[in-house]
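Note sheet for the following structure.
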Number of protein chains: 2
Amino acid sequence: MTIDIITDEQRKMARYAKAISHPIRVYILSLLGKQSCCYSGDLSEDLPIAKSTLSQHLKELKDAGLIQGETKAPKIKYCVNKENWAEAQELFKGFLKI
Amino acid sequence: MTIDIITDEQRKMARYAKAISHPIRVYILSLLGKQSCCYSGDLSEDLPIAKSTLSQHLKELKDAGLIQGETKAPKIKYCVNKENWAEAQELFKGFLKI
DNA sequence: AATAATGTTCGTAGTTTTGCGAACAACGAA
DNA sequence: TTCGTTGTTCGCAAAACTACGAACATTATT
């Protein structure tokens with residue numbers, strides 16, 4: 001009940017887990033796992049949500065560091081952020097003892 | 001934009017991820033990974049949160065199916081729910097393999 | 001039976017998440 | 001420049017999350 005015994009690693013774990021804690025975001029990341037990149041417009045066609053909502057989910061993933069967007073005007077190409085994804089992999093691997 | 005293309009697997013992934021999307025819950029699960037079981041009271045001593053708050057986090061993990069409680073009156077022994085934990089492992093493994 | 005130990009539930013409060021449509025910004029093409 | 005395409009941001013609302021203390025339940029012990 002004194003000091004904070006939760007480690008930075010555990011905080012990071014929680015952060016990444018939070019980023020993937022929504023079905024839409026799981027879907028997006030799964031897709032990026034298959035094809036490594038995608039356009040927001042393609043997602044918008046497939047997913048039953050408003051564009052603005054999709055935009056927010058992408059922002060969530062971006063803020064968590066799991067994806068990155070590259071402007072290919074007028075579109076934006078989203079890719080996995082490999083560095084952070086690798087970190088997340090390691091964290092989850094350790095956590096799940098996979 | 002028509003049918004829901006999100007799979008049950010992806011929904012489950014999101015559900016499990018949500019359960020571990022809080023530092024306190026990551027801490028609890030990490031501990032259970034090390035020693036497989038623990039008492040709520042021990043957690044309460046270590047964590048800087050109110051008992052009632054801890055109780056809620058444990059309930060979250062229980063509802064998600066990741067842990068289960070066994071009454072050893074007047075204490076409660078919490079353990080990993082092995083079956084569901086294995087399922088979560090598989091889901092994350094598939095998800096992260098990417 | 002009375003007390004102590006252990007947790008849960010209730011009521012409350014503040015914050016965050018999720019979602020939508022409308023309005024706005026950026027940029028290529030006609 | 002004007003228009004169409006593509007996304008983001010804004011304003012709003014509903015729901016969920018996080019947290020606390022007080023009150024309550026349960027059970028072992030005295």
Side-chain angles (χ1 to χ4, degrees), chain A residues 1-6 10-11 13-29 31-32 37-79, chain B residues 1-6 10-11 13-29 31-32 37-79:
Chain A
M1 204 66 157
T2 51
I3 327 165
D4 212 349
I5 59 167
I6 293 174
Q10 288 167 339
R11 288 181 203 288
M13 264 294 305
R15 184 72 187 81
Y16 282 130
K18 190 169 179 180
I20 65 177
S21 71
H22 191 288
I24 295 279
R25 299 199 289 267
V26 170
Y27 172 85
I28 293 170
L29 290 171
L31 190 66
L32 288 181
C37 285
C38 72
Y39 289 95
S40 169
D42 301 339
L43 294 171
S44 191
E45 277 181 26
D46 295 339
L47 294 169
I49 56 172
K51 270 193 315 174
S52 54
T53 305
L54 175 58
S55 189
Q56 282 183 94
H57 283 303
L58 288 167
K59 180 165 159 37
E60 269 295 308
L61 291 172
K62 229 188 311 179
D63 290 349
L66 289 174
I67 67 170
Q68 54 198 345
E70 188 188 344
T71 302
K72 295 267 189 180
K75 298 189 181 185
I76 294 176
K77 191 166 96 174
Y78 285 100
C79 303
Chain B
M1 203 65 155
T2 50
I3 326 167
D4 212 348
I5 59 167
I6 293 174
Q10 288 168 338
R11 288 182 203 288
M13 265 293 305
R15 184 72 187 81
Y16 283 130
K18 191 169 182 178
I20 66 178
S21 72
H22 191 287
I24 295 279
R25 299 198 290 266
V26 170
Y27 172 85
I28 295 169
L29 289 172
L31 189 66
L32 288 181
C37 285
C38 72
Y39 288 95
S40 170
D42 301 339
L43 295 171
S44 191
E45 277 180 27
D46 296 338
L47 293 169
I49 56 173
K51 272 190 315 172
S52 54
T53 305
L54 174 59
S55 190
Q56 279 182 96
H57 283 302
L58 288 168
K59 181 166 158 37
E60 268 296 307
L61 291 173
K62 229 188 311 178
D63 289 350
L66 289 174
I67 67 171
Q68 54 198 344
E70 187 188 344
T71 300
K72 295 267 190 180
K75 298 188 178 185
I76 294 175
K77 191 166 96 174
Y78 285 101
C79 302

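Chain identifiers are assigned alphabetically (A, B, ...) following the order of the sequence lines, protein sequences preceding nucleic acid strands; residue numbering begins at 1 within each chain.
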Closer than 4.0 Å, any side-chain N/O of [X] to the OP1 or OP2 of [N]?
{"X": "B/Thr53", "N": "D/dC20", "value": "yes"}
{"X": "B/Lys51", "N": "C/dT9", "value": "no"}
{"X": "A/His57", "N": "C/dG19", "value": "yes"}

If you only use heavy atoms from C-beta on, which nucleotide in [options] is closest to the side chain of [X]?
{"X": "A/His22", "options": "C/dG21, C/dT8, C/dG19", "result": "C/dG19"}
{"X": "B/Ser40", "options": "C/dG7, D/dC20, D/dT8", "result": "C/dG7"}
{"X": "A/Ile49", "options": "C/dC20, C/dT6, C/dT16", "result": "C/dC20"}
{"X": "A/Ile76", "options": "D/dT8, C/dG7, D/dC20", "result": "D/dT8"}
{"X": "A/Lys59", "options": "C/dT17, D/dT9, C/dT6", "result": "D/dT9"}
{"X": "A/Lys18", "options": "D/dG21, C/dT16, C/dG21", "result": "C/dT16"}
{"X": "A/Gln56", "options": "C/dG7, D/dT18, C/dT18", "result": "C/dT18"}

Measure from [atom1] on [X] to [atom2] on [N] and round the result to the nearest Å.
{"X": "B/Ile67", "N": "C/dG7", "atom1": "CD1", "atom2": "C1'", "result": "13 Å"}
{"X": "A/Leu54", "N": "C/dG21", "atom1": "CG", "atom2": "P", "result": "14 Å"}
{"X": "A/Leu58", "N": "C/dT17", "atom1": "CG", "atom2": "P", "result": "16 Å"}
{"X": "A/Arg15", "N": "D/dC17", "atom1": "CZ", "atom2": "P", "result": "17 Å"}
{"X": "A/Leu43", "N": "D/dT6", "atom1": "CG", "atom2": "C1'", "result": "13 Å"}
{"X": "A/Lys75", "N": "C/dG28", "atom1": "NZ", "atom2": "C1'", "result": "13 Å"}
{"X": "A/Leu47", "N": "C/dT18", "atom1": "CG", "atom2": "P", "result": "15 Å"}
{"X": "A/Ile20", "N": "C/dT18", "atom1": "CD1", "atom2": "P", "result": "13 Å"}

Which part of the nucleic acid does [X] contact within heavy-atom distance under 4.0 Å: base, sugar-phosphate only, or nothing?
{"X": "B/Lys77", "answer": "nothing"}
{"X": "B/Glu60", "answer": "nothing"}
{"X": "A/Lys72", "answer": "nothing"}

Nearest 0.5 Å, what's the OH-CD distance between A/Tyr39 and A/Glu70?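 Reported to 0.5 Å precision, the distance equals 8.0 Å.
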Could you tell me the separation between the CD atom of A/Gln56 and the NZ atom of A/Lys51, rounded to the nearest 0.5 Å?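 Reported to 0.5 Å precision, the distance equals 13.5 Å.
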Judged by atom type as modelled, is there a donor-acceptor pair below 3.5 Å linking the side chain of B/Arg25 to the main-chain atoms of B/Ala19?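 Side chain of B/Arg25 to backbone of B/Ala19: a pair is present.
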Under 3.5 Å, is there a donor-acceptor pair between the side chain of B/Ser21 and the main chain of B/Lys18?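 Yes, the answer is positive, given that a donor and an acceptor are paired below the 3.5 Å cut-off.
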Taking the nucleotide of DNA chain C with the closest heavy atom to each, which residue, B/Ser55 or A/Ser52, is nearer the 5' end?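 In this pair, the answer is B/Ser55.
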Which residue lies more 5' along DNA chain C, comparing A/Thr71 with A/Ser21 via nearest heavy atoms: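 Nearest nucleotide further toward 5': that of A/Ser21.
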